Amino acid sequence: MPVITLPDGAERRFDEAVTGFDVAESISKSLAKKALAIRLDGELFDLDHTIEDDARLEVVTRTDEDGLDLIRHDAAHLLAQAVKNLFPETQVTIGPVIEDGFYYDFSRKTPFSTEDFEAIEAEMKRLVDEDLPTRREVVSRDEAAKRFEAQGEHYKAEIVRDLPEGEEIKVYHHGDWYDLCRGPHLPSTKHIGKAFKLMKLAGAYWRGDSRNEMLHRIYGTAWSNEKDLKAHLHRLEEAERRDHRKLAREMDLFHLQEEAQGSVFWHPKGYVMWRALEDYLRRRLDDDGYAEVKTPQLLDQKLWEASGHWGKYAQNMFVVPDAVPDTESGGPLFPEGVDDARLLAIKPMNCPAHVQIFRQGTKSYRDLPLRMSEFGCCHRNEPTGALHGIMRVRQFTQDDAHIFCRWDQIVAETQKFCDLASSVYRDLGFEDVRIALATRPEQRIGSDEEWDRMESALGEALTSAGLDYDVLEGEGAFYAPKLEYHLRDAIGRSWQCGTLQLDPLLPERLDASYVDEDGAKKRPVMLHRAIFGSMERFLGILIEDAAGRLPLWLSPVQVVVATITTDANGYAEEAAEALRKAGLRVETDLRNEKVGYKVREHSAAKVPVIAVVGGREAEERQVSIRRLGSKQSVTMSLDEAAAELCNEATPPDLRSK
RNA sequence: GCCGCUGUAGCUCAGUGGUAGAGCGCACCCUUGGUAAGGGUGAGGCCGAGAGUUCAAUUCUCUCCAGCGGCACCA
């Protein structure tokens, strides 16, 4: 005699076991029609699931978040069914729901082509129209494995065999087609609707392991209605419009070319941005007690062996023989071969070099904490497939620093760093910042007591800094836990930028020590930390976040003085000079073009302020200020404009608050 | 590194088994125009690199390189 409690607290009594559909129907006919599934005591079930005991029940419809996931899940199955109908030789594997949609991985000899999408989508829509009802069947493990094997679905059979013992094995039928699935599913294919679209093709390894076969993945997006689908496609266009590579061309910030794969050519305008950002952070670090250093690019193999990087990362390092190449004989560059004892590596990170500075002279506990920072240019030989614009490059500059401290200083130092990082992100307009604490991984060194101590130190620091954080179980480094900062940008994408990593290992390996109060030599702990991560990547994020419309203090060109007629040229030069004197980055546009044309061009180049001058302005010593994105212009005196813009162009840390 | 797609003028992109086209940009001329495109003329291309098929390859095939989208990786 189940008693069903509805979300509003109302209770319904039934004389016998009922299905989710019965409950929905007892509420209203229209709800029964819209119902996709039910949530019983928090867990999702098929609509025809039989309820025998008392439970809290919610009816899931397509407007719920759960409903949308169900639609996407069914769309993935629908995709598999359509593909099997059209290409029977294909083997199906898995097809989960992901953000904004779903994918399905297939195994087959010949790859799909995006030209197949049209036919597949048409078949999917046909199956929706057929309104195939969902039928659930529970089968034994052997039966399921046998069935899939018999059909040549070896991947499915493998999945069945790997399911944990005791798990109920369910097969869902839609017409002739069936698939292994934990469910739940919509009542029939009609409920999926047609607001879906196949998006792209990609390769993906079976079970995410690069030693396995590469499968063919089809990505799709699915929504509860046509309008949401359109909005999603529009967002994608928006993201494309913001692409930092595209904006960099339009704004003349930087370029990349084959001869320097994965390294950036910063143009004057891009480098102005870089400098503004670097100068800003340098001031912040100076204020926070960091001492800036500069360390060598080329360091001997021996040092990398000692630090442990050689063993683990040699393949990702650029290694340079310290030998004179033979360019005369036409033979091999190094005819004698390369002597292992004379190999140098371009640094992939700064920490071993920082330890070398720490090791100079004797350090006392009085010197700790010692905060050593560097805008350190590093090189890593990233796999070609990983390179992406300036977001993932082979040469990058870390806003790196290492804090050498005692164990009892970890909490205070972490807290200090968190305060700084939060303040920097706020200054740069990132309000939505998530912090994650990555804890002990399975493969690790050190005792559980040490891990307890390290994890609680970081947690305590976050708590006392008043910060919420997520815990990423098992994601820490093998020697210590770490913090990660994730920033959400203007269109909702998340970027991991800042990090703080506790490291007791490197001081040990590179023999860094200090003399403590009691006169004993002790090991300091190192905190590796960065706020931007990489200058290149962070600038890319800033560009995309702002869609090129950077805040005035970061804009490469802050003001363009544009003339209406050549008669105003003299005054335009004078006005530009006055603005430059006020500390602004100013260009003039004296070309023989109409002012509308000039406005269009500079607006496209994302220049934040256009100061238009014509005969009237020249006479009155005024400028007509037009802001990027505004259709109106404001005329004011040159002095007034200089003062206002100069104030606005002040970096956030120098502004009087 | 793996899978797929792409590579034609500075940029965005058409196109063809008989060595090329548009728009924008650029140069020059006319125009001096009040807030997102005034008009004209002109220059500009080893059709990513190499090999093969062919009388003939930018076009077809193969290899390589790079870019793009994913996967794997990211100290």
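Keep in mind that what you see is a predicted model, and the values were worked out from it rather than measured. By convention in this document, chain letters (A, B, ...) are assigned in the order of the sequence lines, proteins followed by strands, and residues within each chain are numbered from 1.
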| message | What is the distance, to the nearest angstrom, from the CZ atom on A:R217 to the P atom on B:G70? | response | 11 Å
| message | When you measure only distances, ignoring hydrogens and angles, does the side chain of A:R207 come within 3.5 Å of the base of B:A72 through a donor and an acceptor? | response | no
| Given the C1' atoms of B:U54 and B:G18, what is the spacing between them in whole Å? | 12 Å
| field | For B:G42, the Watson-Crick or wobble partner whose two distances fall under 3.5 Å | value | B:C26
| request: Grab the CD-P distance between A:Q261 and B:A49 for me, whole Å please. | output: 18 Å
| For A:K606 and A:S555, does a side-chain donor sit closer than 3.5 Å to a side-chain acceptor? | no
| said: Can you identify which nucleotide, out of B:C71, B:U32, B:A36, has its nearest atom closest to the A:L628 side chain? | reply: B:A36
| query | Just checking A:P111: base, sugar-phosphate only, or nothing, at a heavy-atom cut-off of under 4.0 Å? | reply | sugar-phosphate
| Counting side-chain heavy atoms from C-beta on, which of B:A36, B:G69, B:G34 comes nearest to A:R600? | B:A36
| field | C1' gap between B:A51 and B:C65, integer Å | value | 14 Å
| Side chains of A:P96 and A:Y103: does their closest heavy-atom pair fall under 4.5 Å? | yes
| message | Using the P atom as the point on both nucleotides, what is the distance between B:G17 and B:G7, in whole Å? | response | 16 Å
| query | With respect to the phosphate group of B:C71, does any side-chain polar atom (N or O) of A:Y219 fall under 4.0 Å of OP1 or OP2? | reply | yes
| remark: Atom CD of A:E259 and atom P of B:G67 are separated, to the nearest Å, by 11 Å
| message | Rounding to an integer number of angstrom, what distance separates B:C74 and B:G15 when you compare their C1' atoms? | response | 42 Å
| First encountered from the 5' end of RNA chain B, between A:S603 and A:P383 | A:P383
| said: Just to be sure I understand the rule, does A:G385 reach a base, reach only the sugar-phosphate, or reach nothing, if contact means heavy atoms closer than 4.0 Å? | reply: base
| query | Who is the Watson-Crick or G-U wobble partner of B:A57, with both distances under 3.5 Å? | reply | none
| note | Pairing partner of B:A75, by Watson-Crick or G-U wobble and under 3.5 Å for both distances, is none
| note | When rounded to whole Å, the NE2 to P distance for the pair A:H216 and B:C2 reads 15 Å
| message | We want to know whether A:Y205 and A:R207 form a side-chain donor-acceptor pair, criterion being a heavy-atom distance below 3.5 angstrom. | response | no
| Which of the following nucleotides, B:A72, B:G25, B:A36, is nearest to the side chain of A:Y597? | B:G25
| Short side-chain N/O contact to B:C74 OP1/OP2 from A:R394, under 4.0 Å | no
| task | Would you check if A:S534 and A:T397 make a side-chain contact, meaning some heavy-atom pair closer than 4.5 Å? | result | no
| OP1 or OP2 of B:G70 sitting under 4.0 Å from any side-chain N/O of A:K200? | yes
| message | What contact category does A:G389 fall into here, base, sugar-phosphate, or nothing, at under 4.0 angstrom with non-hydrogen atoms? | response | sugar-phosphate
| field | For atom NZ of A:K246 and atom C1' of B:C24, their distance in whole Å | value | 13 Å
| query | Does B:G4 have A:F112 stacked on its base, where the ring centres are within less than 5.5 Å and the planes differ by under 30°? | reply | no
| field | Paired nucleotide for B:G4 [Watson-Crick or G-U wobble; both distances under 3.5 Å] | value | B:C68
| said: Closest approach to the side chain of A:R380, judged atom by atom: which nucleotide of B:G38, B:A72, B:C74 is it? | reply: B:C74
| request: Return the nearest nucleotide to the side chain of A:M214; candidates are B:G34, B:A36, B:C71. | output: B:C71
| A:M372 side chain reached by A:F404 side chain, heavy atoms, under 4.5 Å | yes
| B:U19: pairing nucleotide in any strand, Watson-Crick or G-U under 3.5 angstrom | none
| Identity of whatever pairs with B:A14 - Watson-Crick or G-U, under 3.5 angstrom | none
| field | Closest listed nucleotide, where the reference is the side chain of A:R616 and the choices are B:A36, B:G34, B:C11 | value | B:G34
| request: State the NZ-CZ distance between A:K84 and A:F106, to the nearest 0.5 angstrom. | output: 9.5 Å
| said: Within the 3.5 Å criterion, strictly below it, is a donor on A:N381 or A:Q315 matched to an acceptor on the partner's side chain? | reply: no
| field | Among B:A75, B:C11, B:A66, the one nearest A:R249 by side-chain distance | value | B:C11
| message | Heavy atoms from C-beta onward define the side chain here; which of B:C65, B:G33, B:G69 lies closest to that of A:T565? | response | B:G33
| request: Please tell me which of A:G614 and A:Y205 maps to the more 5' nucleotide of RNA chain B, matching each residue to the nucleotide holding its nearest heavy atom. | output: A:Y205
| request: State the CZ-OG1 distance between A:R616 and A:T635, to the nearest 0.5 angstrom. | output: 7.5 Å
| Span that lies between the P atom of B:G38 and that of B:C68, in whole angstrom | 34 Å
| Separation of B:C11 C1' from A:H267 NE2 (nearest whole Å) | 13 Å
| request: Pick the C1' atom in B:C26 and in B:C11, then give their distance to the nearest Å. | output: 11 Å
| query | Between B:C74, B:G34, B:U32, which nucleotide has the shortest distance from any of its atoms to the side chain of A:T566? | reply | B:U32
| query | Do any side-chain nitrogens or oxygens of A:R245 fall under 4.0 Å of OP1 or OP2 in B:C68? | reply | yes
| Short side-chain N/O contact from A:H602 to OP1 or OP2 of B:U35, under 4.0 Å | no
| query | Between A:Q496 (CD) and B:C74 (P), how many Å, whole number? | reply | 12 Å
| note | Separation of B:U12 atom P from A:L247 atom CG, nearest Å, is 13 Å
| Span that lies between the P atom of B:G23 and that of B:A57, in whole angstrom | 31 Å
| Between B:U53 and B:C62, how far is it from one C1' atom to the other, in whole Å? | 11 Å
| note | Here the gap from A:M124 atom CE to A:F117 atom CZ, rounded to the nearest 0.5 Å, amounts to 10.5 Å
| Between B:C71, B:U35, B:G34, which nucleotide has the shortest distance from any of its atoms to the side chain of A:E617? | B:G34
